[in-house]
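The block underneath contains the structure these notes are about, expressed in structure tokens.
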Amino acid sequence: MSRGRILGGVSTSVHTWTGDLFHFPKGKSSGTHSGRLMATAAEYGHNSWELSIQVDQREGDEGMKFKLRVKGDLHIGGLMLKLVEKIKAPQDWSDHAIWWEKKSCWLLKTHWTLDKYGVQADADLRYTPQHKPLCIQLPNMKTIKLRVSFSCVVFKTVAEICKALNIRRSEELSLLKPPDDPKKKKKKDKGTESAFDDILNMDVAGGALGLYSKTMTPTYDPDSGSPASSTSLWFGENPMMACQPNLPPEELAKLYKPLTLEDKAAINAGWLDSSRSLMEQGIQENDRLLLRFKYHSFFDLNPKYDAVRITQLYEQARWAILLEEIDCTEEEMLMFASLQYHICKLTLSTEPLTNSSEPEIDEVEAALSNLESTLEGRNADKILEDITDIPKLEDMLKLFRPKRLTLKPYKEYWFVFRDTTISYYKNKESANKEPIEQLHLRGCEVIPDVNVTEKKFGLKLLLPTADGMNEIYIRCDNETQYSKWKAACMLASKGKTMAYSSYRTEVKKIQSFLQMKSLAPPPGHAAPDVESMEMNAECFVSPRYAKKYKTKQLTTRILEALHNISQLSLMEAKMRFIQAWQSLPEFGIKYYIVRFRGSKKDELLGISYNKLIRIDMSTGLPVTTWRFSNMKQWNVNWEIKQVTIEFDQSVSIAFSCQSCDCKVVHEYIGGYIFLSTRSKDQNETLREELFHKLTGGQD
């Protein structure tokens, strides 16, 4: 049984273990070379036996096999010493450790005896390097070969990989198995993946990541933001800071594959278990894994220190848009295309790729800001402007309920927004009387329904009820009105009012996003010159949208959208792209096929950074939403593979996972709870123990 509780805003976890200590898939060993010597009569004493050990040499060298006469009280350290003495090879064996193929586990506790581990005469052991080469596809779809730890838990291995690549906040990333696709294997012969065949070999001499400092956090030069010490494997400029050129349309079309929610659930089942090592999960040297931002909660993104992190985030977002792994409207697709084109132009310009042109963050101002936040309360978002006067919004807006039969879809009402509640009346004069209806927004879903070109500014609200979600549409008259009401609704869904200091920031962010989406050139501006675009416009949109337009039409629309962002610097443009990606309704939702307790059919569970969503598999529409902020505790019954979660107001849900092991879902939920505990005053210390308490489990 594994249990996580949230008490008084502090996340804790208690684990009770049942069953076997290890998970035991079968393995195999190779190499045949007898290193057996004649044993003395004393060695054949009471309770001794012969133990077979395969010794893996450096890559390319043939393995050797030895037999040692041992007793059950021999500890692992003594076994390795005995083995090295018998090998008699002048080699550094410090990175070698013993791997038990049959039990699929490392024997890393050198003080444990063979008896304590349960090693007997039939155990075929391997004395093998702990660090091996791994092919890692980065978010920008480029593959590197890096020597990584196959014996550490994946959480620590990912931290070491990120340290080598100069990516801060490694807890947001993890390793994903590539999805099995037999069609892709057949197409590979036809050059399907030719664009990604090149592998950058970073497996340099002495580059075993586990041999670096164990601080897990590189130190940065305060002026350039580059590593101040030699903890990174890069010598000279880091190529991971540069954006990759867009693929030709025909190459992009080969990669494009429409994904159903069930397809996405199958892909999400491939996340590795962070509490077990690569070898324990069947990963072999030179295997290929995907390094991705798993948790979509990006903490403390700072252009000064996060050049690589921001670039890789931009690349992951870009590929998600181009391959339609996330839904967006046609208007949004063109906005993303214009940002990509602008970033491509800046990347290919003759200017060096440095952060010198980026706006500097004033260190004194930042320190004073942090001090103010500390004095007022840890989270600046919770600072009230005036606790005695909570603002309210009042406007004439249009309302539509799709489930009610009506001849006129949208009808005008006088709306009043106060606290976390919307009340609407027949007209302004009736506002002192009882409202027609009150809408309580705490826990609701806020989905934009916008087309800036067509002057359509709407909001879709999904309000939680006992039997599902109540759907309501609200239509605003203009951008300003929409920005205020959307920001208020988003805060209210989290239980916050417009008195919170983040309200004004959110309004400005929404207005900026709407401005980017505007495709019409400003008054007085000439129509764009199609010939001025030096790149193929079809490279910047998904293949489905590329088919909808002729190249000239597409070029015109991208250039029209470009006028809103043409003044942005390279880093600003990447940050805008990431922020626009974050504003999409589907952003950060990972899908899993589950079966809820008491239900006879499979459904989808969506896991986001702040909520769980129950989704009807046939329609793809949300049925109910539960927020992490209302979660009291969660339990996992590992025997029947069932997750049980308790929320406020005596709400309890339980489900079993159909598309993956429940450990994957358990780790996702615990991981997001872990990320919510981060704060800037932690000095970037990675609290690995807390992560494992919240996410750990047993197979």
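Both backbone and side-chain heavy atoms feed into the values below; hydrogens, waters and symmetry mates do not.
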>> For V643 and N637: C-alpha separation, side-chain torsions, deciding distance, then whether side-chain contact (heavy atoms from CB on, under 4.5 Å) applies.
In response: CA-CA 7 Å; V643 181; N637 187 322; over 6 Å; no

> Is there a donor-acceptor pair closer than 3.5 Å between any side-chain N or O of E172 and the backbone N or O of F299?
Replying inline: yes

>> Check whether E325 reaches the backbone of W319 with its side chain - one donor and one acceptor, N or O, closer than 3.5 Å.
In response: no

> Mind checking what makes side-chain hydrogen bond (donor to acceptor under 3.5 Å, both in side chains) contact with K590, not counting sequence neighbours?
Replying inline: none

>> Going by side-chain contact (heavy atoms from CB on, under 4.5 Å), V119 matches just one of L74, I98, L107. Which one?
In response: L107

>> Is there a side-chain contact between I144 and L291 in this structure, where contact means two heavy atoms from C-beta onward sitting under 4.5 Å apart?
In response: no

> Sub-3.5 Å donor-acceptor pair from the side chain of R292 to the main-chain atoms of W271, do we have one?
Replying inline: no

> Do Q642 side-chain atoms and A654 backbone N/O form a donor-acceptor pair below 3.5 Å?
Replying inline: no

>> On a heavy-atom basis, which atom in K145 and which in C135 lie closest, and how many Å separate them?
In response: CE-SG, 4.0 Å

> Are F587 and H296 close enough that their ring centers fall under 6.0 Å?
Replying inline: yes

> What's the shortest heavy-atom distance between S104 and E280, and which atoms?
Replying inline: O-CG, 3.5 Å

> By side-chain contact (heavy atoms from CB on, under 4.5 Å), which residues pair with L301, not counting sequence neighbours?
Replying inline: F298, D306, R309, I310, L313, M575

> Sequence neighbours excluded, which residues qualify as side-chain contact (heavy atoms from CB on, under 4.5 Å) partners of A97?
Replying inline: W106, L108, Q130

>> L79 vs L51, test: side-chain contact (heavy atoms from CB on, under 4.5 Å). Steps then yes/no.
In response: CA-CA 10 Å; L79 177 66; L51 184 62; 4.1 Å; yes

> Between S656 and R595, does any side-chain donor sit less than 3.5 Å from a side-chain acceptor?
Replying inline: no

> Within a strict 4.5 Å, meaning less than it, do heavy atoms of the C660 and Y592 side chains meet?
Replying inline: yes

> Hey, are the side chains of F66 and Q54 touching, using non-hydrogen atoms and a 4.5 Å cut-off?
Replying inline: no

> Say you draw a straight line from OG1 of T110 to CE of M80; how long is it, rounded to the nearest 0.5 Å?
Replying inline: 6.0 Å

>> Could you check, using the six-membered ring where one of them is a Trp, whether Y609 and Y295 have ring centers closer than 6.0 angstrom?
In response: no

> Could you state the interatomic distance from OG (S170) to CG (L165), rounded to the nearest 0.5 Å?
Replying inline: 11.0 Å

> Checking salt bridge (charged side-chain N to carboxylate O under 4.0 Å, His left out) for the pair E101/R126: CA distance, chi angles, key distance, verdict?
Replying inline: CA-CA 7 Å; E101 290 275 8; R126 270 176 70 192; 2.8 Å; yes

> Just by distance, do the side chain of T113 and the backbone of D73 share a donor-acceptor pair under 3.5 Å?
Replying inline: no

> Considering only heavy atoms from C-beta outward, does the side chain of R276 approach that of V154 to under 4.5 Å?
Replying inline: no

> With no hydrogens and no angle check, is any side-chain donor or acceptor of E603 less than 3.5 Å from a backbone partner on F596?
Replying inline: no

> Minimum heavy-atom separation for Y256 to L322, with atom names?
Replying inline: CD1-O, 4.3 Å

> Is any side-chain heavy atom of L272 less than 4.5 Å from a side-chain heavy atom of K177?
Replying inline: yes

> With Y591, which residues qualify under ring-ring contact (aromatic ring centres under 6.0 Å, His included), at least two apart?
Replying inline: none

> Given S274, which of H692, E667, K294 fulfils the side-chain hydrogen bond (donor to acceptor under 3.5 Å, both in side chains) condition?
Replying inline: E667

> Does some side-chain heavy atom of I87 sit less than 4.5 Å from a side-chain heavy atom of V55?
Replying inline: yes

>> Are R678 and L675 packed together at the side-chain level, in the sense that at least one heavy-atom pair is separated by less than 4.5 angstrom?
In response: yes

> Quick check: does any side chain N or O of K132 sit under 3.5 Å from a backbone N or O of P129, one acting as donor and the other as acceptor?
Replying inline: yes

> Is it true that the side chains of E160 and S149 contain a donor and an acceptor less than 3.5 Å apart?
Replying inline: no

> Between E315 and R318, is there a side-chain N and carboxylate O pair less than 4.0 Å apart?
Replying inline: yes

> Looking only at heavy atoms, which two atoms of V153 and S275 are closest? And how far apart?
Replying inline: CG1-O, 3.4 Å

>> Test side-chain contact (heavy atoms from CB on, under 4.5 Å) on T128 and F150; report intermediate values, then the result.
In response: CA-CA 10 Å; T128 186; F150 275 62; over 6 Å; no

> Can you check salt bridge (charged side-chain N to carboxylate O under 4.0 Å, His left out) on D273 and K663, steps first, answer last?
Replying inline: CA-CA 8 Å; D273 185 341; K663 173 64 171 72; 3.1 Å; yes

>> Taking the six-membered ring for Trp, are H96 and Y127 closer than 6.0 Å centroid to centroid?
In response: yes

>> Could you measure the distance from the OG atom of S297 to the CD atom of E171? Nearest 0.5 Å is fine.
In response: 9.0 Å

> Which is it for N268 and V664 under the side-chain contact (heavy atoms from CB on, under 4.5 Å) test, yes or no, and what are the steps along the way?
Replying inline: CA-CA 9 Å; N268 291 327; V664 180; over 6 Å; no

> What are the two closest non-hydrogen atoms of D56 and W93, and how far apart are they?
Replying inline: O-CZ3, 4.4 Å

> Can you tell me how far CZ of R168 sits from NZ of K163, rounded to the nearest 0.5 angstrom?
Replying inline: 15.0 Å

> Can you name the side-chain hydrogen bond (donor to acceptor under 3.5 Å, both in side chains) partners of S174, sequence neighbours left out?
Replying inline: none

> Taking NZ, NE, NH1 and NH2 as the nitrogens, is one of them in K641 or D661 under 4.0 Å from a carboxylate oxygen of the other?
Replying inline: yes

> Any idea which heavy atoms bring S659 and I593 closest together, and the distance?
Replying inline: OG-N, 3.0 Å

>> Using the ring-ring contact (aromatic ring centres under 6.0 Å, His included) criterion, which residues pair with F691? Sequence neighbours excluded.
In response: F155, F674

>> Tell me whether K257 is salt-bridged to E324, with the criterion being a basic N under 4.0 Å from an acidic carboxylate O.
In response: no

>> With a 4.5 Å cut-off on side-chain heavy atoms, are T695 and I669 touching?
In response: no

> How long is the span from the CZ atom in F293 to the CD atom in Q312, to the nearest 0.5 Å?
Replying inline: 7.0 Å

> Counting only N and O atoms by type, is there a donor-acceptor contact under 3.5 Å from the side chain of D287 to the main-chain atoms of I283?
Replying inline: no

>> Return the CD1 to CD1 distance between I607 and I589, rounded to the nearest 0.5 Å.
In response: 11.0 Å

> Does the R288 side chain pair with the main chain of T143, one donor and one acceptor, at a distance under 3.5 Å?
Replying inline: no

